[in-house]
Every structure is written in structure tokens, then in C-alpha cells.
Amino acid sequence: MWTDTLKSNFDHKIRRGQIILKYCPFCGNNNFNIEFSVTLGVWHCWICHSAGTVNKFLLLNNLPIDKDRWKFTHKHIKTQESGLVLDGFDYINYNDYKKFFTSKGIEKEDIERYRFMYSNIGKYKNKLVVPLYEGNKLVYFIARDLTAKGRYYNIERSKIGILPYYLGEKNRYWLYLCEGIFDAISINKLGYSSGILLGTHISKEQILKIKNFGFKKVVINLDGDAKKKAFVLVEKILKFSLPSVLILYEDKEEPNSIYVKDKEMLKRMLEYPKQSNLVDKVKVMMRV
Ligand SMILES: [Zn+2]
């Protein structure tokens, strides 16, 4: 039940049967002003007037959503903090898209773990929706067709200043940067922290964020067809005094495709990234 999730994760008290949290994550008020209606499953802060459904609150705070309540959530409420709309989305049934998920190395428990969702209506109708977080702050979501050759749909929001990531327990201070969501999930499923560039570029803001998050080393994992860009990234990151190495993937390969074929092989590649040398670089740069 969502009420138990709230009670066990937040400082709270019960007033007239409603749950009141001490701290409002939207305005920072720390004096029991954010109230949750137990019957309606919605919240309201009496100070900043942030409001929404319980599931939106749970999603924003990176907590498990309440599936039973999902259908009752209000549609299209914009969140105060990030301006992202998540409430219109539904829970996705793994078995309906088993073939697609299997082709990406996604298992049933990953649906919950990575918060996969589905849209029945609107712009993202029949698409997979994946919310992306920096820590527990929602910063972006991606939408994608649920077919092997499907495409991605960008939301109307700049990606330059965000760096969503998944935390892993291995090589604690290393961040494995990759292009896409499935690469990041594959790497994270093997236990490593992975950051999602949503492309092949990195901005100054993103590099500074990586340092701020506390990572001490970056391992670049661009797709095999972007080797030159991988070298460019390494050099750009090194300029900010952040140690950076890369893993060279074969043409047409990427972390996700290797994960699907041979997890152990990807694990070995990630565990011991080779320091790329000048010879590697010249080979890549000279290729026509
Ligand atoms: Zn507030």
C-alpha cells in the first residue's frame, strides 16, 4: 500500500486520518504542511500549493508506485518541480511485449526496477515510456516504439543540462557513460553505475554534474559506429580533470547487443576497461 511506503520513508504524523509529511520536497517547508488524502490518494502542500497524485509523488521520489492506484490517478497534472507529465501513463504488462523486451535483455523484474510505463493516449500512444532520474530527482523521460527497429521520441525539453544515471554497487566511483537507455540498463544490471547521454555528445554542464554526483572516473561506452566521437568525449572530459577511458566496441555492437548475446563477455569488458593508446586512436581516426 502507498500509505505504508510513505510512512516508512518519510517523517510524518497522522492528523484527522490523513498522512502529513514533515518535509515538503517541493518548497522545503519543514513544518508538517504537506498533506496526503488517504481516501483520494492525492497530496497538497499548504505552503507552496504543489499538488498531485500519490503515484506522481512516489515516482518523483523514486519509490515503488502503487499499481492498484494507478488507474485512479489524475491525468496530465504537471509536476511543479520538473514540469514533466507522468500521470497520464499506465503500467506496462511485460507479457504483452515479451518478444521486444527479450530482444533488449529486459526481464520481468526490470519493469518495476526501471519503472517502465506505457501510454494509452495522446502523443506517446502505444509507446514505452521510461522516466529518468538523477538520484531520486525526475529529470526526463524517453518514449519509444515497442518494436525492434522502433524509434525514440524526444520530449520537448533540453537534454544539455541533465545526466540521468543508475547507481550500481561495483567500481563505486566509476560512471559508465553510454548513448541509450538499454545500454545503460544492461550495464547497470551487471552491477555498475551507468549514465545516459541520450546521444553522443557531452556538455560542460554534464561533466560538472558527474563530478558533483561524486564519480571519480568515467568509462565511455559509445556504440561501435561512434568510435571517433568516443575519443572526442574522452578528451573533453579529461580537460575537466576527470579521469576518463573508453571501451572500443566493434562496429554494429553496443553494450546492449553484447549483453543480450553474452553477459559474461560484457562483464569482463566493463570490469577491466583498457587504457586506449595512441595506436588505437590513430587507427580509428584514419579510417575512412
Ligand atoms: Zn511545499
Side-chain angles (χ1 to χ4, degrees), residues 1-91 112-117 119 121-124 129-143 155-167 195-196 205-206 208-210 212-214:
M1 261 302 266
W2 63 270
T3 45
D4 299 323
T5 310
L6 275 190
K7 286 177 191 166
S8 55
N9 282 284
F10 299 96
D11 216 348
H12 68 279
K13 62 184 180 190
I14 309 292
R15 192 196 289 151
R16 286 186 231 103
Q18 315 292 20
I19 302 170
I20 325 273
L21 303 193
K22 183 162 194 273
Y23 177 75
C24 170
F26 304 98
C27 66
N29 179 276
N30 204 17
N31 205 20
F32 294 101
N33 279 301
I34 177 162
E35 178 165 349
F36 285 76
S37 160
V38 171
T39 43
L40 298 175
V42 294
W43 94 81
H44 176 240
C45 169
W46 296 102
I47 302 297
C48 68
H49 301 292
S50 70
T53 63
V54 156
N55 274 329
K56 181 171 71 176
F57 187 87
L58 297 175
L59 278 164
L60 285 170
N61 286 282
N62 208 5
L63 291 166
I65 55 159
D66 186 328
K67 275 180 259 175
D68 297 333
R69 277 223 82 86
W70 192 265
K71 299 280 176 195
F72 299 96
T73 56
H74 296 190
K75 304 279 181 193
H76 301 300
I77 300 173
K78 290 204 172 196
T79 67
Q80 306 263 327
E81 186 189 22
S82 62
L84 294 172
V85 181
L86 281 176
D87 276 21
F89 302 131
D90 273 301
Y91 199 73
E112 191 90 7
R113 179 170 171 194
Y114 297 102
R115 285 151 208 290
F116 284 9
M117 293 185 280
S119 182
I121 46 156
K123 192 175 168 189
Y124 305 113
V129 172
V130 186
L132 300 177
Y133 297 84
E134 285 173 352
N136 54 14
K137 183 181 164 211
L138 177 71
V139 290
Y140 202 80
F141 68 81
I142 56 124
I155 61 172
E156 286 152 15
R157 164 173 288 249
S158 167
K159 297 179 287 192
I160 288 175
I162 58 158
L163 199 106
Y165 62 91
Y166 296 120
L167 269 190
I196 309 155
E205 292 93 323
Q206 288 173 312
L208 295 176
K209 273 204 161 169
I210 294 171
N212 262 334
F213 295 151

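First listed ligand is number 1; within each ligand, the first listed atom is number 1. This one's a predicted model, so the numbers in the text were calculated from it and none came from an experiment.
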- request: Identify the residue among Glu35, Lys56, Gln18 that makes a side-chain contact (heavy atoms from CB on, under 4.5 Å) with Trp43.
  value: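 Only match with Trp43 under side-chain contact (heavy atoms from CB on, under 4.5 Å): Lys56.
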query: Mind checking whether the Zn ion (ligand 1) has an N, O or S of His49 under 2.8 Å?
result: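 No, His49 does not qualify, because none of its backbone or side-chain N, O or S atoms lies under 2.8 Å.
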- request: Kindly state whether the ring of Phe57 and the ring of Phe10 have centres lying under 6.0 angstrom apart.
  value: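 That pair passes the under 6.0 Å test.
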- prompt: How open is the angle at the Zn ion (ligand 1) from atom SG of Cys45 over to atom SG of Cys27, rounded to 10 degrees?
  reply: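 The two atoms form an angle at the metal of about 120°.
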field: Degrees at the Zn ion (ligand 1) between the SG atom of Cys24 and the SG atom of Cys48, nearest 10°
entry: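 My answer is 110°, to the nearest 10°.
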message: Is it the case that the side chains of Tyr140 and Glu134 hold a donor-acceptor pair, with the cut-off being a distance below 3.5 Å and no angle test?
response: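 On atom types as modelled, these side chains do not qualify, holding no pair under 3.5 Å.
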Asn212 side, atom CG; Leu163 side, atom CG - distance, nearest 0.5 Å: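 Between atom CG of Asn212 and atom CG of Leu163 there are 11.5 Å.
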